[in-house]
Amino acid sequence: MAAVQGSRHPAAAIEAKWRRRWAERPEGGGDRLPRPGRPKHYALTMFPYPSGDLHIGHWYAMVPADAHARYRRMCGDDVIFPMGFDAFGLPAENAAIRHGIHPLRWTRENIARMRGQLRSMGASFDWSREVVTCEPAYYRWNQWLFLRLFERGLAYKRFAPVDFCPTCNTTLAREQVVGPERVCERCETPVTRRDLDQWFFRITAYADELLDFGGLDWPERVVTMQRNWIGRSEGVQFAFGVRGRPDATFEVFTTRVDTIYGATFCVLAPEHPLVASITAPERRADVEAYQAQAARRSEIERLSTERERTGVDTGAEAVHPLTGEPIPIWIGDYVLASYGTGAIMAVPAHDERDFDFARRHGLPIRTVIAAEGEAAVPGAAHTGPGRMVASGRYTGMRNEDGARRLAEDLEAAGIGRRRTNYRLRDWLVSRQRYWGTPIPIVYCARCGMVPVPDADLPVLLPEDAQFLPTGESPLRHHEGFRRTACPRCGGPAERETDTMDTFVDSSWYQYRYLSPRDDRAPFDPAAAAAWLPVDVYTGGVEHATMHLLYTRFFTKAMRDIGLTNLSEPMPRLRNQGVILGENSEKMSKSRGNVVNPDDLVDRYGADVVRVYLMFIGPWEAGGPWNPQGIEGPVRFLARCWRLAADPYPPPAQGAPDGGELRRRIHRAVRDVTADLERFAFNTAVASLMTLSGDLAAHRDAGGDRAAFREGMLVLALLLAPLAPHLAEECWALQGGEGSVHDQPWPTFDPALAAEESVTVVLQVDGRLRDRRAAAPTASEDELRVLALESPKVQAAVAGRPVARVVVVPGRLVNVVTGA
RNA sequence: GCCGGGGUGGCGGAAUGGCAGACGCGUCCGACUCAAAAUCGGAUGGGGCGACUCGUGCGGGUUCGAAUCCCGCCCCCGGCACCA
């Protein structure tokens, strides 16, 4: 392709040509092991849901991940960079209900379309390892893993109140309920409560281990979010007796035993099992009315942002375990049945919620911690540290010491025990929907709950289900699916009709990529041992407390089952930000600010879109789309192409030799390498823009041709991860051999990259007064003399005594005057 | 409320103790052109004719020297939010 003076590069033709050539190269085979003698590198980017169209957000996530993988490959690593589809989930089923198209067909058509769009990105995905989670070859192993968890008691069924989305018509995991209004994360409908038999994974068994982030190179905020989500808290659990009821006791949990002498009442959750039996006859009507109201409140939307701490007196009294004093027992919905013991001791003087409740209901407030060094705030609880007062033999102790002593003493006396509670709940995995993995369990009238034998897997999802939004799984109404024979006794039995949460699919997909067609095991242990763990995992922060917690749990559980010896699946994690619309709002069809990558590729070519997305700013920051800004990368790549394609001008009189250009080439290699290592794609692009400018200037001045060609080849190499098509074209135009992507990453000579001469800044009292050129190796003494000789420095010193001269070799001299 | 991240030209951003604003967008001026596009060159934080001076959310501090470190505050974004 001949260059036309001053023109833009023919992106479409160049990209089509190279993509054709690349397609002729053999693919990896999908399950090969790392080549001996080379470090392996497993690059993984979160796989997409096949929603139908590739969004600019997918490009923003995947292009830099691809650039990094390509860079590692040129560095000599044996890289795998697989891609697949997270293909089960609600949108497919909703499309089926709305448009009468089968979820399988809808999903497969979307995948076919998205595969093409993904190819247009020019990413180095290894398609031979592709995984599609809605195919039986994949979900069969969800079922297999479910059974292994079931055998270990890590999957269990329990009748429990669960969050239910009336719009999606299914139960939700706790993590899928968001905000104080408790709405469905998908459709923002307020969730309701249902009491159902549900399947759970016992993630809480790993709560403490999940809190260990040692050795993880993860963004701080993700670690913090997981830590808060797990919500470990240490305290003491002990029992209160009920006055006049020697048979009845209830346990409370507190993190503040030091305030135990300040407990002036107790509060039980409205659902607490003891409430019915201890309520005084004259209080029964009020208590039952309150219970009914509380039950309704958790079912109906809770829109009131101002939380009133309501409650009613049961008329019963608890016996304080240390003082023997009777204190009233109330019920109130600010005490959660699902946390701790569902009951608390209330210490209004030192807990804001209890304080508020006591004020509202006229209950006594007793101070037992004296605020030290800070004024007591009138009309508020003192929650900070202090000396214990009115606390029996603990009076006078610092509250931290008192807490320790009280915990020991309560334990010794057999009254209470130290205990750790977690905010984390077990993972609710059953969904009353069709488009998911069937749970491989059979119910037999004679044998009870029976797991489907491994040999009978997969339990296939029948294709001829009815899609009606009934709130029950469509499988429940599918007689052919539901009726089966008991695997144990052969008698008539029924299948479980719930399907699994789609987060199960993505909890172990990184294993499946290693041997995607293995039909004897979920993955090949030899491949797993060779390739895992994932070296770099990239994706959005929105998965911080769901997917990333679940996949850590899965790896730990799989380790304990004996399937792997890993404890952490993804030791290194990087998050990209979010690309916003031109108006800085979230992109959405309803806002009309969606940027379509296909249109951009048609107009500018994939390389330009890639480079622009990386140049926009720090990857983790994201930011608004600026349609004008893309002109920068357009011009930059066009210039690279013209430099490679235009004929070289004849040598000029007094033209530069290659020295300065070579220095700049080495500096570019140094900077781009460091930037790609640290995922700083924006500054890597900036360095390449600078190099292309240096090459253009050298050429226009008729400089040394050998140095220019050397620089052009380096430019093509450095550009290869970022703009793979154009880099290939430039490499070929400059006579590079083979594919640019098969070349080793260029190295630099630090001595050559160093400046020949540096500008040393001369300051007087920290203010800039002059600049001088000096050798980078100039000694402190030389620089000091240089500064003191400067007329501008002398003028600024103005005859005052020089107190000190600070010299930073290679950088600056600061002359400090005065006494 | 608690936790985390952030605030730098007209805009995206660079610089993590040493020349603030790399690189780019935009704008202005010039070259090429019949003209335009494309391309190339120059200018571009504010003030001042100038020597200079002010300037990284605000106020203080440490330091020869602070966008960068420390203290206090304001604002923006994200997460969690009755978890005892």
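By convention in this document, chain letters (A, B, ...) are assigned in the order of the sequence lines, proteins followed by strands, and residues within each chain are numbered from 1. None of the values given here were measured: they were computed from a predicted structure.
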Colleague: Atom CZ of residue position A:R418 - does it have more than 12 heavy atoms of other residues, nucleotides or ligands inside 6.0 Å?
Modeller: yes
Colleague: Side chain of A:R635 only, please: which of B:U53, B:G18, B:C25 is the nearest?
Modeller: B:C25
Colleague: Could you measure between the two C1' atoms, the one in B:A37 and the one in B:G18, and give it in whole Å?
Modeller: 46 Å
Colleague: Can you figure out which of B:G4, B:A15, B:G26 approaches the side chain of A:R221 most closely?
Modeller: B:G4
Colleague: Quick one: on RNA chain B, does A:V806 or A:D700 contact a more 5' nucleotide (nearest heavy atom)?
Modeller: A:D700
Colleague: Distance alone, cut at 3.5 Å: any donor-acceptor contact between the side chains of A:N421 and A:S233?
Modeller: no
Colleague: Within the 4.0 Å heavy-atom criterion, would you say A:E352 contacts the bases, only the backbone, or no part of the nucleic acid?
Modeller: nothing
Colleague: Using the P atom as the reference point in each nucleotide, state the distance between B:C74 and B:A66 in Å, no decimals.
Modeller: 26 Å
Colleague: Using the C1' atoms only, state how far B:U44 lies from B:C58, rounded to an integer number of Å.
Modeller: 29 Å
Colleague: If you compare every side-chain N and O of A:R767 against the phosphate oxygens of B:C54 (OP1, OP2), does one of them come in below 4.0 Å?
Modeller: yes
Colleague: In terms of the nearest nucleotide of RNA chain B, which residue is placed more toward the 5' end: A:K792 or A:A343?
Modeller: A:K792
Colleague: Indicate the ring-plane relationship of A:H361 and A:F357, choosing parallel, tilted or perpendicular according to the 30° and 60° boundaries.
Modeller: tilted
Colleague: For the C1' atoms, the ones on B:G12 and on B:G6, what distance do you get once it is rounded to whole angstrom?
Modeller: 16 Å
Colleague: Separation of A:D675 atom CG from B:U16 atom C1', in whole Å?
Modeller: 15 Å
Colleague: Expressed in angstrom and rounded to an integer, what is the separation of A:W229 atom CH2 from B:G79 atom C1'?
Modeller: 10 Å
Colleague: Scan A:V761 against the nucleic acid and name what it touches under 4.0 Å (heavy atoms): base, sugar-phosphate only, or nothing.
Modeller: base
Colleague: Please work out whether the ring planes of A:F681 and A:F679 are parallel, tilted or perpendicular, with thresholds of 30° and 60°.
Modeller: perpendicular
Colleague: Rounded to the Å, how far apart are A:R232 CZ and B:C3 C1'?
Modeller: 19 Å
Colleague: Considering only side-chain heavy atoms of A:P618, which listed nucleotide, B:C23, B:G13, B:G4, is closest?
Modeller: B:G13
Colleague: From the options B:G18, B:C82, B:U53, select the nucleotide whose nearest atom is closest to the side chain of A:R769.
Modeller: B:U53
Colleague: side-chain contact (heavy atoms from CB on, under 4.5 Å) with A:M345: which of A:T259, A:D351, A:I327?
Modeller: A:T259
Colleague: Nearest to the side chain of A:E631, which nucleotide is it out of B:C19, B:A84, B:G26?
Modeller: B:G26
Colleague: Which of the following nucleotides, B:A84, B:A15, B:C82, is nearest to the side chain of A:D333?
Modeller: B:C82
Colleague: With rounding to whole Å, what would you report as the distance between B:A67 and B:C54 at their P atoms?
Modeller: 13 Å
Colleague: Determine the Euclidean distance between corresponding P atoms of B:G26 and B:C11; express it in Å to zero decimal places.
Modeller: 15 Å
Colleague: Measure from the side-chain heavy atoms of A:N626 and tell me the nearest of B:C25, B:A84, B:C19.
Modeller: B:C25
Colleague: Across the strands shown, which category fits A:I344 at heavy-atom distances under 4.0 angstrom: base, sugar-phosphate, nothing?
Modeller: base
Colleague: If you measure only the distance, is there a donor-acceptor pair under 3.5 Å linking the side chains of A:S338 and A:R425?
Modeller: yes
Colleague: Output yes when at least one side-chain N/O atom of A:S233 is less than 4.0 Å from OP1 or OP2 of B:A84, else no.
Modeller: yes
Colleague: Give one of base, sugar-phosphate or nothing for A:N814, where a contact means two heavy atoms less than 4.0 Å apart.
Modeller: base
Colleague: Could you check whether A:V335 gets within reach of a base, just the sugar-phosphate, or nothing at all, counting any heavy atom under 4.0 Å?
Modeller: base
Colleague: For the side chain of A:M225, starting at C-beta, report the closest nucleotide among B:G4, B:G79, B:C80.
Modeller: B:G79
Colleague: Does B:G4 have its OP1 or OP2 closer than 4.0 Å to a side-chain nitrogen or oxygen of A:N228?
Modeller: no
Colleague: Can you list the stems that RNA chain B is part of, where a stem is at least 3 pairs in a row, each Watson-Crick or G-U, with both distances below 3.5 Å?
Modeller: B:1-7 with B:74-80, B:10-12 with B:23-25, B:26-31 with B:39-44, B:45-47 with B:52-54, B:57-61 with B:69-73
Colleague: Describe the nucleic acid contact of A:N682 in one word from base, sugar-phosphate, nothing, applying a heavy-atom distance below 4.0 Å.
Modeller: sugar-phosphate
Colleague: Check the phosphate of B:C19 against A:R771, side-chain N and O only, distance under 4.0 Å to OP1 or OP2. Yes or no?
Modeller: no
Colleague: I want to check a possible cation-pi pair here: A:R610 against A:W59, using under 6.0 Å from ring centre and within 45° of the ring axis as the test.
Modeller: no
Colleague: Of the nucleotides B:G18, B:A81, B:A84, which has the atom closest to the A:Y339 side chain?
Modeller: B:A84
Colleague: Mark yes or no: A:R552 above the aromatic ring of A:W218, with NZ or CZ under 6.0 Å from the six-membered ring centre and no more than 45 degrees from the axis.
Modeller: yes
Colleague: Which word best sums up how the rings of A:Y550 and A:W427 line up, parallel for under 30°, tilted for 30 to 60°, or perpendicular for over 60°?
Modeller: parallel
Colleague: At under 4.0 Å, does any side-chain N or O of A:R642 touch on OP1 or OP2 of B:A38?
Modeller: no
Colleague: Classify A:R423 by what it touches in the nucleic acid, base, sugar-phosphate, or nothing, heavy-atom distance under 4.0 Å.
Modeller: base
Colleague: Atom CG of A:L783 and atom C1' of B:G18: how far apart are they, to the nearest Å?
Modeller: 13 Å
Colleague: Provide the distance between the two P atoms, one in B:G17 and one in B:G13, to the nearest whole Å.
Modeller: 22 Å
Colleague: Run A:Y612 and A:Y604 through ring-ring contact (aromatic ring centres under 6.0 Å, His included) and show every step you take.
Modeller: CA-CA 11 Å; A:Y612 180 50; A:Y604 301 106; 8.8 Å; no
Colleague: When all nucleic acid strands are considered with a 4.0 Å heavy-atom cut-off, which category describes A:Y334: base, sugar-phosphate, or nothing?
Modeller: base
Colleague: Where does B:G79 land, syn or anti, once you apply the within-90°-of-0 test for syn?
Modeller: anti
Colleague: I'd like the P distance from B:C82 over to B:G61, given in whole Å.
Modeller: 43 Å
Colleague: Which of the following nucleotides, B:C80, B:C3, B:A15, is nearest to the side chain of A:T224?
Modeller: B:C3
Colleague: If you look at every heavy atom in A:P219 and A:N575, which pair is closest and at what distance?
Modeller: CG-OD1, 3.3 Å
Colleague: Within this structure, what is the CZ-to-P distance between A:F355 and B:A84, rounded to whole angstrom?
Modeller: 20 Å
Colleague: Identify whether any heavy atom of A:R678 sits under 4.0 Å from a base atom; if not, whether one sits that close to sugar-phosphate; answer base, sugar-phosphate or nothing.
Modeller: sugar-phosphate
